Amino acid sequence: MADLESFRSDTRAWLEANCPAEMREPIRSEDDLCWGGRNWTFQSDAQRHWLEGMAERGWTVPDWPKEYGGGGLSPEESRVLKQEMARIGARPPLTSFGISMLGPALLKFGTEEQKRHYLPQIARGEIRWCQGYSEPGAGSDLAALQTKAEDKGDHWLVNGQKVWTSYADKADWIFCLVRTSTESKQGGISFLLFDMATPGVSTKPILLISGNSPFCETFFDDVKVPKEQIVGEVNKGWNVAKYLLGHERGMIADMGLGGSLGGGESKSLGAQLKPADPLLRAAIAAFDVDALAFAAMAERFTAMWKAGEAHPASPSMMKYAGTELNKRRNELVMAAGGSDALEWDSERSKGGRAPREWLRSKGNSIEGGTSEVQLNIVAKHILQLPGA
Ligand SMILES: Cc1cc2nc3c(=O)[nH]c(=O)nc-3n(C[C@H](O)[C@H](O)[C@H](O)COP(=O)(O)OP(=O)(O)OC[C@H]3O[C@@H](n4cnc5c(N)ncnc54)[C@H](O)[C@@H]3O)c2cc1C
């Protein structure tokens with residue numbers, strides 16, 4: 001306990017000295033996040049300084065082992081770091097699918113060589129990753145995927161198409177599910193990593209209702225992938241894919257707490273919105289109560305998940321609750337904002353932040369597996385309902 005208190009005071013002092021004032025400003029839009037990668041342009045010196053300082057201490061991934069670029073912190077120390085960052089409103093130094101999705105899968109299924117090669121680069125924000133799971137005919141039924149990887153002796157030859165690949169046009173590398181056998185549905189899938197600059201990879205952005213274009217169709221045309229870039233065993237990639245999805249769902253569930261855009265901390269909506277309408281005020285108060293309950297549940301499940309004690313289907317429960325909560329939050333922001341909240345493109349409305357976030361939140365209950373699919377998983381694996 002005394003150790004934890006001295007860790008807290010050292011951490012507080014270091015953060016005070018090293019977190020630039022600009023990096024303590026609330027995040028206004030996705031543009032304020034630092035995604036890293038070989039083509040990344042830092043928004044400011046402060047953003048670069050903050051990433052480099054945190055990465056040097058391993059604090060972009062505080063609970064990863066030190067030998068892989070992490071901070072080697074215990075769960076209790078990681079929690080203290082999170083609290084101290086929240087105390088000064090520090091932005092996350094790095095937002096990365098490498099941290100929230102691929103890294104945990106590599107830690108569990110990667111070879112020692114893969115861990116030593118990829119993890120430190122992820123921790124320093126040097127590779128920006130995208131996720132090649134969904135295909136035009138394989139979304140909820142992901143195991144129906146058809147993108148094919150043929151064994152050509154010294155390499156895999158990949159052909160096929162992915163869809164809804166978030167930031168594929170900005171990513172350096174992809175973690176990709178491919179079919180290496182047609183003998184069994186789940187049993188014929190492998191998990192490959194490859195560079196998006198490899199000849200034969202191309203992307204085409206898809207425009208969304210929010211006015212942004214954050215994801216793409218991704219095409220593979222005779223893409224050669226070195227043999228060693230497979231994670232786990234050939235035809236056993238489904239296990240890696242499912243494990244990664246658990247982490248992805250946990251990350252998306254965090255939206256219910258305001259996500260990284262909210263500084264990772266639950267913020268009372270009642271403190272931000274003061275509509276005159278008593279019914280709306282009551283709905284906001286009810287939301288705040290549910291958000292507090294969700295935050296408590298999230299903390300408990302995260303601790304259990306890290307200790308390997310959580311039910312394997314618990315991320316589905318969290319994902320469902322967190323994303324439905326986030327959609328509710330956005331509906332309330334829109335209702336309380338009245339006609340002002342419909343402003344799309346002015347300085348006053350911060351570039352239409354409210355309606356754009358409201359529209360973006362609709363995707364939360366689709367990405368990473370839809371709400372219906374999460375409910376099916378909960379019904380079958382947790383509630384053990386007949387016929388589920
Ligand atoms: C914002 C966003 C970002 C995304 N980013 C990525 C990414 O980076 N990489 C990637 O690979 N994918 C990504 N996706 C794709 C996402 O994983 C899929 O959209 C999702 O899995 C659903 O698949 P689908 O769109 O094909 O819908 P479908 O599977 O066709 O589902 C259509 C509807 O049918 C319902 N449904 C389907 N099956 C069942 C069932 N068994 N029981 C009850 N209802 C069912 C669904 O709930 C849904 O309402 C992203 C999606 C969004 C919205």
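It should be emphasised that the depicted structure is a prediction, and the values quoted were computed from it without experimental measurement. Both counts, for ligands and for their atoms, begin at 1 and track the order of listing.
Ring-centre distance between W238 and F191: not below the 6.0 Å cut-off. The aromatic ring centroids of W59 and W14 lie less than 6.0 Å from each other.
Cation-pi geometry between K204 and F219 is not met at under 6.0 angstrom from the ring centre and within 45 degrees of the axis.
Nearest protein heavy-atom contact of atom 18 (C) of ligand 1 is S134 OG, 3.9 Å. The protein heavy-atom contact nearest to atom 5 (N) of ligand 1 is S166 OG, 2.8 Å. In terms of protein heavy-atom proximity, atom 49 (O) of ligand 1 is nearest to E372 OE1, 3.7 Å.
Residue C130 places every heavy atom at 4.0 Å or more from ligand 1.
Taking any N or O of N376, backbone or side chain, at least one lies under 3.5 Å from an N or O belonging to ligand 1. Taking any N or O of T370, backbone or side chain, at least one lies under 3.5 Å from an N or O belonging to ligand 1. The shortest N or O to N or O distance between E135 and ligand 1 is not under 3.5 Å. In terms of polar-atom proximity, E367 is not counted as a contact of ligand 1, lacking any N or O under 3.5 Å from an N or O of the ligand. Considering backbone and side-chain atoms together, T165 places no N or O closer than 3.5 Å to any N or O of ligand 1.
For atom 44 (N) of ligand 1, the nearest protein heavy atom is under 4.0 Å away. Counting only heavy atoms, the protein gets under 4.0 Å from atom 20 (C) of ligand 1.
Side-chain atoms of E217 and Q161 form a donor-acceptor pair, as typed in the model, at a separation below 3.5 Å.
Scanning S140, G139, G132 for the heavy atom closest to atom 28 (P) of ligand 1 points to S140.
Under the 30°/60° scheme for interplanar angles, the aromatic rings of F175 and W129 are found to be tilted.
No single ILVMFWY cluster, assembled from side-chain heavy atoms under 4.5 Å apart, contains both L192 and L106.
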